[in-house]
Asker: 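Could you have a look at this structure, given as structure tokens, before my questions?
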Amino acid sequence: MPETPMEPVARALADILREALVRGESVHVPGLGTFEVRHQPSQVMEEGGLSVVLPPRDVVVFKPEP
């Protein structure tokens with residue numbers, strides 16, 4: 001199936017976002033919002049009488065523009 005004209009643009013944007021987020025930088029896309037990485041510390045959850053430890057991790061957060 002042929003590629004639409006926007007597919008290379010979308011792939012390039014995704015690559016730029018991924019590279020910046022891996023470096024720990026936030027990325028603001030005008031008219032869309034801001035992507036950033038936040039660190040979540042480890043957590044302990046009770047599950048069926050057992051304690052389960054979730055390891056710390058980094059998550060991507062998106063804040064849309066108002």
Side-chain angles (χ1 to χ4, degrees):
M1 189 157 90
E3 188 174 78
T4 66
M6 289 305 294
E7 287 180 33
V9 174
R11 273 198 306 278
L13 177 62
D15 290 342
I16 291 167
L17 279 169
R18 185 179 310 107
E19 291 170 10
L21 292 170
V22 165
R23 290 190 303 265
E25 302 170 359
S26 63
V27 178
H28 177 73
V29 180
L32 186 62
T34 302
F35 295 87
E36 63 184 30
V37 176
R38 289 200 185 148
H39 181 75
Q40 288 186 339
S42 61
Q43 298 174 347
V44 178
M45 294 178 57
E46 298 294 327
E47 195 171 287
L50 299 173
S51 294
V52 177
V53 177
L54 301 176
R57 61 190 175 134
D58 292 332
V59 295
V60 176
V61 178
F62 174 70
K63 290 191 272 185
E65 281 191 351

Asker: For the hydrophobic clusters of this structure (ILVMFWY residues joined by side-chain heavy atoms under 4.5 Å, transitively), does one cluster hold both Leu54 and Val37?
Answerer: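 Per the 4.5 Å side-chain linkage, Leu54 and Val37 are not co-clustered.
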Asker: Using a 4.5 Å cut-off on heavy atoms from C-beta on, say whether the side chain of Ser42 contacts that of Pro55.
Answerer: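 They are not in contact (no side-chain heavy atoms under 4.5 Å apart), so the answer is no.
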Asker: Enter the distance from Met45:CE to Ser51:OG here, rounded to the nearest 0.5 Å.
Answerer: 10.5 Å
Asker: Supply the atom-to-atom distance Glu36 CD to Glu25 CD, rounded to the nearest 0.5 angstrom.
Answerer: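 Here the rounded value is 12.5 Å.
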Asker: Testing Leu17, Val27, Leu21 one by one against Val60 for a side chain to side chain contact (heavy atoms under 4.5 Å, CB included), which residue passes?
Answerer: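 For Val60, the side chain to side chain contact (heavy atoms under 4.5 Å, CB included) check succeeds only for Leu21.
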Asker: Looking only at non-hydrogen atoms, find the nearest pair between Pro8 and Pro5 and report the distance.
Answerer: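 Here Pro8 and Pro5 meet closest at CD-O, 3.4 Å.
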Asker: Measure the NE2-NZ distance between His28 and Lys63 for me, rounded to the nearest 0.5 Å.
Answerer: 11.0 Å
Asker: Are Leu13 and Phe62 connected, step by step, through hydrophobic side chains (Ile, Leu, Val, Met, Phe, Trp, Tyr) whose heavy atoms are closer than 4.5 Å?
Answerer: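 Yes: a chain of side-chain contacts under 4.5 Å links Leu13 to Phe62.
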Asker: Where do Glu65 and Gly31 come nearest, in terms of heavy atoms and distance?
Answerer: OE1-N, 3.1 Å
Asker: Above 12 or not: heavy atoms from other molecules or residues under 6.0 Å from CD of Glu47?
Answerer: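 At most 12 heavy atoms, drawn from other residues, nucleotides or ligands, come within 6.0 Å of this atom.
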Asker: Kindly check if the number of other-residue, nucleotide or ligand heavy atoms within 6.0 Å of CZ (Arg11) is above 12?
Answerer: yes
Asker: Rounded to the nearest 0.5 Å, what separates atom CG in Asp58 from atom CZ in Arg38?
Answerer: 12.0 Å
